[in-house]
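What follows is a set of notes on a single structure, which appears directly below.
Just so it is clear: chains get the letters A, B, ... in the order the sequence lines come, proteins before strands, and each one is counted from 1. This one's a predicted model, so the numbers in the text were calculated from it and none came from an experiment.
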There are 2 protein chains.
Amino acid sequence: MLTIRDIAAKAGVSVSTASRALNNNPRISQATRERIQALADAEGYLPNYNAKNLTAGEANAVGVVFPTANHTLPENPFYIDLLRGINAQLVQRQYVLSVAISKTPEDLLKNVKSMVAQGKIKRFILFYAQADDPITNFLRQHKLRFVTIGHPADHAEDFFVDNDNLQAGIGGATYLLDQLAVKHPVFVESEHDWGYEQQRREGYERVTAEFNVEPLTCKLGELNRVRLFIKQHPEIDGIMATDDYNAIEFYRLLREQYDISRFPVVSFNHSLPDGLTDADLHSVDLFPEKMGSATVALLFSDREPLESPTPGQIKIPYEIK
Amino acid sequence: MLTIRDIAAKAGVSVSTASRALNNNPRISQATRERIQALADAEGYLPNYNAKNLTAGEANAVGVVFPTANHTLPENPFYIDLLRGINAQLVQRQYVLSVAISKTPEDLLKNVKSMVAQGKIKRFILFYAQADDPITNFLRQHKLRFVTIGHPADHAEDFFVDNDNLQAGIGGATYLLDQLAVKHPVFVESEHDWGYEQQRREGYERVTAEFNVEPLTCKLGELNRVRLFIKQHPEIDGIMATDDYNAIEFYRLLREQYDISRFPVVSFNHSLPDGLTDADLHSVDLFPEKMGSATVALLFSDREPLESPTPGQIKIPYEIK
DNA sequence: CTGTTAGCGCATTCAA
DNA sequence: TTGAATGCGCTAACAG
């Protein structure tokens, strides 16, 4: 294995000079810096992270924390895209993506603690934002840097990246009413009252007010209740759902009672293959990969100043497809 | 931070003795070993991975390689469960899970190379099995240990973990014909000819032969072709599909032409929430978490002998729910 | 601007 | 069985 000593020897300089050159330390002449970098490049020298981390007292790794099983389901496809966006940025910074994922909160906390204590990981990304969370409590307490995906429920000072769900709700509803010419759109949400659902609903309600149409919301759950709801609202001629699953489920129940075709639906976060429904499915794309990139930008904003207007948070725009 | 020197000092022994005690080195007395371990435990000592890795010349990390975007879609939910199973095992071994995920094969290879060269990672898990793959070529060439999820297309000597897709196909088909009393089951697969689909189909065909029913296969794809297929086969009274997506899509097309209810369907890998279809959906559970665990067992089988009958491969059983 | 020296935390050689 | 000394690869303090 090629070490920095080898490079120093071949360049005829001391090890510390080589180190300085390779790390762009200002205390070195432009000439030798370039000469040594070129040499290292030519020889294919690559630094040993473990050694670097040992001296730095900090690992070149970011811990990505997945939620425990209970609230994972609807988000799965999103996670993979997030990982892509995150890793693309980490690679550029010579960082590595380490995952913490466990079934119970206790195990998860252990996992994170070990990353901190043994692995010297000092930066984390959380794939959830939950009030009164042991992980975030731990990270805050140890003054470690972290960014959550989604708006933190408590602790307004936490850094986070989120979709601009209100705007996306407005955009989706406008598209439904304007482009798709729907007169009686129903807003369909899960039974979980997720924060993003509330924000998208708020957007929907603002638009219906503006268009002078009656807002109508259906929370999924017990099937017969939903069926009754549908029976009572035969006027419905379009759906805005908080995600593809909810869209498809509601549409299916609608089809039970009415024989419709090419029914306009706007949903978020296109996460399912086409072919699962014959609805006219449009989607508000929330750019999970961009979210991932933005997360990393925020995570390193102590080193690389950010041009975000609101320090500590980034909102990702949307696009309708 | 508490180091091994601190422990040695408090125990009144030298650093090397402390090191040996903590690593269960045989060259130490049972008594001092236990005494020092108890002390370290009480003091809350935790070793610094970077230092350990530096001396060991190898990182306590396993690289998990995701496929590039083109063949990711149908597997997403599966990946998360795999990660859970893998990480549970890694934590036990004091290992960390590092992810390589990129959009292009070139970037992915760079990612992996950096893990090897700079990160000193020597063990990998691949979330795919593909013939003529640059990543596996690289790993083989450098004699690094890796296990693939899924049967390797070439290189029969590679280690892998897979579902017992043939048996699962037999089990699913038997369930459909026997328990669900279906007389004319259709086998539905994607247009991709994945290896696991072929194996499940083989299972299906064996069972139909045994039950003396005509095997019937439909490959999804162009909608009107599938519609025609359905029209030509009004006898179909049950579906066996290679995954939930295919099951729901085919069932939807079937519903276009026939007004049926409580239609029996057997699928694999239950990956979608209920409520997306009104079919009577049964699922062959393939235990992705167990797969993850088994992968790690195989990855470390050089250190921890395995009781698997077939060295280098593990097949995960199934269960119908 | 560059070189010498020391040290990060740990495992391991060599002596005792 | 234990201890002292050395080195893993790299960075940084201190000299020059």
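The ring-ring contact (aromatic ring centres under 6.0 Å, His included) test applied to Phe300(A) returns Tyr95(A), not counting sequence neighbours. Among residues two or more places apart in sequence or in another chain, the side chain to side chain donor-acceptor pair (under 3.5 Å) test is passed with Glu34(B) by Gln30(B). Legend: residues meeting salt bridge (charged side-chain N to carboxylate O under 4.0 Å, His left out) with Asp302(B), ordered by chain and number and at least two apart, are Arg123(B), Arg145(B). Partners of Phe159(B) by ring-ring contact (aromatic ring centres under 6.0 Å, His included), not counting sequence neighbours: none found. The side chain to side chain donor-acceptor pair (under 3.5 Å) test applied to Ser16(B) returns Ser14(B), not counting sequence neighbours. Asn25(A) pairs by the side chain to side chain donor-acceptor pair (under 3.5 Å) definition with nothing, not counting sequence neighbours. Evaluation of the ring-ring contact (aromatic ring centres under 6.0 Å, His included) rule for His155(B) yields no partner, not counting sequence neighbours.
Between Lys120(A) atom NZ and dC8(C) atom P there is a gap of 13 Å when expressed in whole angstrom units.
For the helix from dC1(C)-dG16(D) to dA16(C)-dT1(D), the axis fitted to the five pairs at one end and the axis fitted to the five pairs at the other end meet at an angle of 40° (nearest 10 degrees).
For residues 38-54 of chain A, the set of pairs meeting the salt bridge (Lys or Arg N to Asp or Glu O under 4.0 Å) definition, not counting sequence neighbours, comprises Lys10(A)-Glu43(A). Screening residues 153-164 of chain A for salt bridge (Lys or Arg N to Asp or Glu O under 4.0 Å) gives Arg140(A)-Asp158(A) as the qualifying pairs, with residues at least two apart or on separate chains.
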| remark: Whether each nucleotide of nucleotides 9-16 of chain C has a protein heavy atom under 4.0 Å at its base (B), only at its sugar-phosphate (S) or at neither (-) is summarised, 5' to 3', as BBBBBBB-
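A nucleotide of DNA chain D counts as in contact with chain B when one of its atoms lies under 4.0 Å from a heavy atom; the first and last such, 5' to 3', are dT1(D) to dG9(D).
Aromatic ring pairs are classed by plane angle as parallel below 30°, tilted from 30° to 60° and perpendicular above 60°; the pair Tyr79(B) and Phe66(B) is perpendicular.
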